[in-house]
Number of protein chains: 2
Amino acid sequence: MLTDRQLFILQAIIDNYIQSAEPIGSRSISKSEGISYSPATIRNEMADLEELGYLEKPHSSSGRIPSEKGYRHYVDHMLLPHRLSEKEIKNVKSLFAEKVMETEEVVKQSATILSSLTSYASIVLGPEIFESKLKQIQIIPLNMRAAVAILVTDTGHVENHTVTLPESLDGSDLEKITNILNDRLEGVPLYKLQEEIYKEVAGLLKRHVSSFHDALRFTLDTLQKSKHEKVFYGGKTNLLSQPEFKDIDKVKSIFELLEQDDTVHDLLKPDQDGLVIKIGQENDYEAFEDCSIISAAYTFDGKPVGTVGIVGPTRMEYPRVIGLIQLLSDGLSDTLTNLYNNGK
Amino acid sequence: MLTDRQLFILQAIIDNYIQSAEPIGSRSISKSEGISYSPATIRNEMADLEELGYLEKPHSSSGRIPSEKGYRHYVDHMLLPHRLSEKEIKNVKSLFAEKVMETEEVVKQSATILSSLTSYASIVLGPEIFESKLKQIQIIPLNMRAAVAILVTDTGHVENHTVTLPESLDGSDLEKITNILNDRLEGVPLYKLQEEIYKEVAGLLKRHVSSFHDALRFTLDTLQKSKHEKVFYGGKTNLLSQPEFKDIDKVKSIFELLEQDDTVHDLLKPDQDGLVIKIGQENDYEAFEDCSIISAAYTFDGKPVGTVGIVGPTRMEYPRVIGLIQLLSDGLSDTLTNLYNNGK
DNA sequence: ATTTAGCACTCGTATTAAAAGAGTGCTAAC
DNA sequence: GTTAGCACTCTTTTAATACGAGTGCTAAAT
């Protein structure tokens with residue numbers, strides 16, 4: 001168990017290092033507010049803290065920097081709730097104050113705000129639409145060969161596909177199909193669509209539409225499962241300002257990873273609804289060995305549907321970032337829920 | 001006017017430099033295929049080419065590198081049509097072979113392909129929708145307070161806004177409004193919508209809907225002018241592999257510029273339908289002083305509606321990139337035109 | 001039993017000097 | 001007109017040295 005003095009010193013070192021990115025020496029700690037021991041005493045404590053694994057030295061005669069274990073302890077046990085500045089709060093709140101909002105727009109803006117308020121890169125996963133329920137289907141013919149199929153869900157999500165029209169289907173067939181689909185599929189969660197088409201729709205199509213085969217294929221095309229939810233990034237360039245990423249190869253491998261939406265989605269998928277902090281090697285990718293990732297799910301109707309996250313160096317301003325992410329994810333949850341659930 | 005020998009030497013230097021990124025010395029040119037002069041002779045020619053402004057020296061005793069004027073001359077007068085490899089052609093063609101396509105998806109994929117086939121960053125501006133004509137409007141209520149408004153254009157573009165419902169409008173009002181809009185606005189180009197609303201729609205609303213004021217405001221909200229066309233990026237990270245961008249500050253300023261969609265849009269907006277090549281300082285931004293940008297507009301119905309572009313170092317593989325960009329922009333033009341215009 | 005002053009020691013960084021190497025420009029000969 | 005030869009220039013590499021921040025340890029002070 002760490003003594004109070006050790007905790008104080010650990011805290012001082014981490015806070016300083018987060019600020020300066022330089023190894024911290026005993027002298028500077030000894031001079032810091034609230035402590036009155038000589039450098040030699042501090043040195044002894046630092047040696048102990050190193051032995052316990054909370055600190056490390058870049059080389060034998062340098063000052064100390066926090067180890068991953070040090071950061072972990074800091075984050076788990078030593079974090080004082082951080083007061084965000086008026087300006088920060090105002091900034092975030094203003095995002096949610098807008099009256100007319102596209103969900104996607106709000107989510108995208110979240111990424112932008114988050115990165116502009118930190119010097120890190122932000123990632124926001126758009127709301128998962130898998131569970132949301134079909135509200136209405138529209139099929140709008142564009143010309144003889146193509147039509148646009150539009151799906152609207154109860155969460156205001158609009159999904160559209162351009163589909164080619166089989167020659168065998170004429171305008172009245174389309175109308176019939178649309179009616180059948182709207183009649184049978186309203187309220188069905190998107191992930192069940194395919195199943196329901198076979199179960200509920202196929203029979204009706206056979207009865208009412210002449211070229212059944214084309215009609216069914218067309219229907220399946222139209223309602224094909226939509227892709228992953230979108231991933232929005234903000235301020236990747238910020239990472240280039242961090243001294244730990246002055247090595248271009250390191251940045252490159254990070255950026256390459258961040259260009260793979262699938263991987264990123266995997267990394268952040270909202271499986272928990274609390275705050276997740278991954279420090280350095282706790283991340284599963286080698287490219288992130290010098291990074292920390294802080295993320296929080298936001299919810300709709302109580303269920304986690306998306307994620308707000310920050311990627312930065314392990315030397316991250318944890319308290320502030322955590323505050324911001326919580327503010328933002330709460331805001332997103334409220335916004336979604338208010339907008340689409342209240343009117344129920 | 002340059003002699004044949006000077007042209008040959010200039011060509012050799014540029015080709016070599018594009019390959020190696022190292023200043024080229026007289027000896028290596030002298031040894032290259034197709035020339036049989038001694039290094040000393042080459043040196044004399046190189047000195048002349050330098051005096052004429054086509055070459056420059058990083059320092060007084062180094063080999064030569066092409067100047068911007070050199071590249072310009074190369075691009076304008078010396079470019080042999082480049083044969084793309086089978087693989088490249090197949091790769092691009094496969095993109096356009098798909099049957100069911102979302103315009104947006106194709107455009108996005110274009111950016112990805114373009115960057116994967118080059119070691120540069122690609123930018124693709126989505127098709128301009130300003131001129132396209134309204135096909136249909138749908139307003140779908142989600143709950144008591146919100147509705148989704150969907151605009152479909154004749155080019156298959158789908159635009160949707162979430163709008164809040166004024167309390168004074170009930171379901172039958174919405175239906176009336178939708179009918180009026182579809183009746184009066186079909187075929188109107190998007191940029192004229194606002195004008196037409198005042199001219200054609202306002203009067204009808206006044207006559208048929210009780211709370212005229214809310215209805216008009218709602219209508220305007222619904223059809224609010226949509227944002228800029230989308231900008232898709234691919235392979236920004238590629239730039240980090242280029243030796244000229246090993247300086248992190250340079251990369252940073254480039255990336256910062258590339259994060260501003262507005263600026264990028266401005267830079268590439270499809271004002272000409274030919275190929276545009278901007279070399280180094282010909283670009284208006286300081287961040288691009290070591291970059292070249294090659295772009296080509298793609299067309300719909302004969303009019304330029306979007307742009308395909310590549311950002312790389314001035315030392316760019318011009319012939320290959322030009323070939324690729326032309327292939328791709330032609331492909332996009334064909335695809336758009338076939339898909340949405342043929343059926344007319 | 002803590003704490004601290006003192007001091008030798010370590011190791012990274014900056015500085016300088018010297019050497020190596022690639023390539024040029026010029027002159028004079030071919 | 002072409003080329004061999006050579007001195008010269010300028011960058012890059014390597015080595016040697018000095019500097020300095022910070023440590024660890026010991027012995028004295030509290």
Side-chain angles (χ1 to χ4, degrees), chain A residues 1-10 12-17 19-32 34-67 70 243-244 246-247 315, chain B residues 1-10 12-17 19-32 34-67 70 243-244 246-247 315:
Chain A
M1 201 50 215
L2 297 180
T3 65
D4 282 358
R5 193 168 69 185
Q6 283 174 323
L7 281 175
F8 184 93
I9 291 172
L10 182 56
I13 289 175
I14 296 183
D15 287 341
N16 268 296
Y17 183 66
Q19 251 306 112
S20 69
E22 302 282 325
I24 311 298
S26 54
R27 224 177 92 88
S28 72
I29 295 298
S30 142
K31 276 193 294 192
S32 68
I35 206 155
S36 56
Y37 293 98
S38 76
T41 309
I42 309 291
R43 275 205 291 284
N44 286 328
E45 295 285 31
M46 282 162 100
D48 289 348
L49 283 167
E50 183 177 356
E51 208 160 320
L52 291 166
Y54 296 100
L55 294 178
E56 43 192 48
K57 282 189 292 194
H59 58 89
S60 75
S61 69
S62 75
R64 301 302 203 292
I65 62 175
S67 68
E244 30 272 280
K246 68 182 193 307
D247 173 20
R315 180 188 64 81
Chain B
M1 203 50 214
L2 297 180
T3 66
D4 281 358
R5 193 169 69 186
Q6 284 175 322
L7 282 176
F8 183 92
I9 292 172
L10 182 55
I13 290 175
I14 295 183
D15 287 342
N16 268 295
Y17 183 66
Q19 252 305 114
S20 69
E22 302 282 324
I24 310 299
S26 55
R27 225 177 91 88
S28 72
I29 295 298
S30 144
K31 275 192 295 193
S32 68
I35 206 157
S36 56
Y37 293 98
S38 74
T41 309
I42 309 290
R43 276 205 290 284
N44 287 328
E45 295 285 31
M46 283 163 98
D48 289 347
L49 283 168
E50 183 176 356
E51 209 160 320
L52 291 166
Y54 296 100
L55 295 178
E56 42 193 48
K57 281 189 292 195
H59 59 88
S60 75
S61 69
S62 76
R64 302 302 203 293
I65 62 174
S67 67
E244 30 272 281
K246 65 183 194 309
D247 173 19
R315 181 188 64 81

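Heavy-atom basis, side chains included; hydrogens, waters and symmetry copies ignored. This one's a predicted model, so the numbers in the text were calculated from it and none came from an experiment. In the text below, chain A, chain B and the rest are named by the order of the sequence lines, each starting its count at 1.
Inter-residue side-chain proximity for L55(B) and I65(B) is flagged as unmet; no heavy-atom pair is nearer than 4.5 Å. The side-chain heavy atoms of D48(B) and E45(B), taken from C-beta on, include a pair separated by under 4.5 Å. Side-chain atoms of I9(B) and I35(B), non-hydrogen and from C-beta on, do get closer than 4.5 Å to each other.
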- Note on the structure: Symbol by symbol from the 5' end, with Watson-Crick or G-U pairs under 3.5 Å, [ ] crossing and | another strand, DNA chain D is ||||||||||||||||||||||||||||||
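Using modelled atom types, no side-chain atom of S62(B) and backbone atom of K57(B) make a donor-acceptor pair closer than 3.5 Å.
Taking atom CD of Q6(A) as the reference point, atom P of dT2(C) lies 13 Å away to the nearest angstrom. Distance CD (E22(B)) to C1' (dA22(C)): 11 Å, rounded to an integer number of Å. Per the geometry, NE2 belonging to H59(B) stands 9 Å off P belonging to dC10(D), to the nearest Å. In this structure, Y37(A) places its OH atom 17 Å from P of dA1(C), rounding to the nearest Å. Rounded to whole angstrom, the span from the CD1 atom of I42(B) across to the P atom of dG1(D) amounts to 16 Å. The distance from atom CD1 of I29(A) to atom C1' of dT3(C) is 18 Å, rounded to the nearest whole Å.
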- Decide side-chain contact (heavy atoms from CB on, under 4.5 Å) for F8(B) and T3(B); before the verdict, give the C-alpha distance in whole Å, the side-chain angles of both, and the deciding distance to 0.1 Å. CA-CA 9 Å; F8(B) 183 92; T3(B) 66; over 6 Å; no
Write down the protein N/O and nucleotide N/O pairs, taken from nucleotides 14-16 of chain C, whose separation is under 3.5 Å; answer none if there are no such pairs.
none

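Look at S38(A) and you won't find any side-chain N or O under 4.0 angstrom from OP1 or OP2 of dT3(C).
Of all the heavy atoms in I14(A) and P66(A), the pair that sits closest is CG1-CG, 3.7 Å. What you find for R315(B) and P243(B) is that their closest heavy atoms are NH2-CD, 3.7 Å.
By the salt bridge (Lys or Arg N to Asp or Glu O under 4.0 Å) test, E50(B) pairs with R64(B), sequence neighbours left out. Listed by chain and residue number, nothing satisfies the salt bridge (Lys or Arg N to Asp or Glu O under 4.0 Å) test with E56(B) (two or more places apart in sequence, or in another chain).
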- Message: For a quick check, with a 4.0 angstrom heavy-atom cut-off, what is the B/S/- contact string for nucleotides 17-30 of chain D, read 5' to 3'?
- Response: ----BBBBB-----
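Distance check: I13(B) CD1 to L49(B) CG gives 6.5 Å after rounding to the nearest 0.5 Å.
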Which donor-acceptor pairs under 3.5 Å do the side chains of residues 21-31 of chain A make with protein atoms, sequence neighbours left out?
from   : atom 1 : to     : atom 2 : distance (Å)
S26(A) : OG     : R43(A) : NH1    : 3.2
S28(A) : OG     : G25(A) : O      : 3.1
S30(A) : OG     : Y37(A) : O      : 3.2

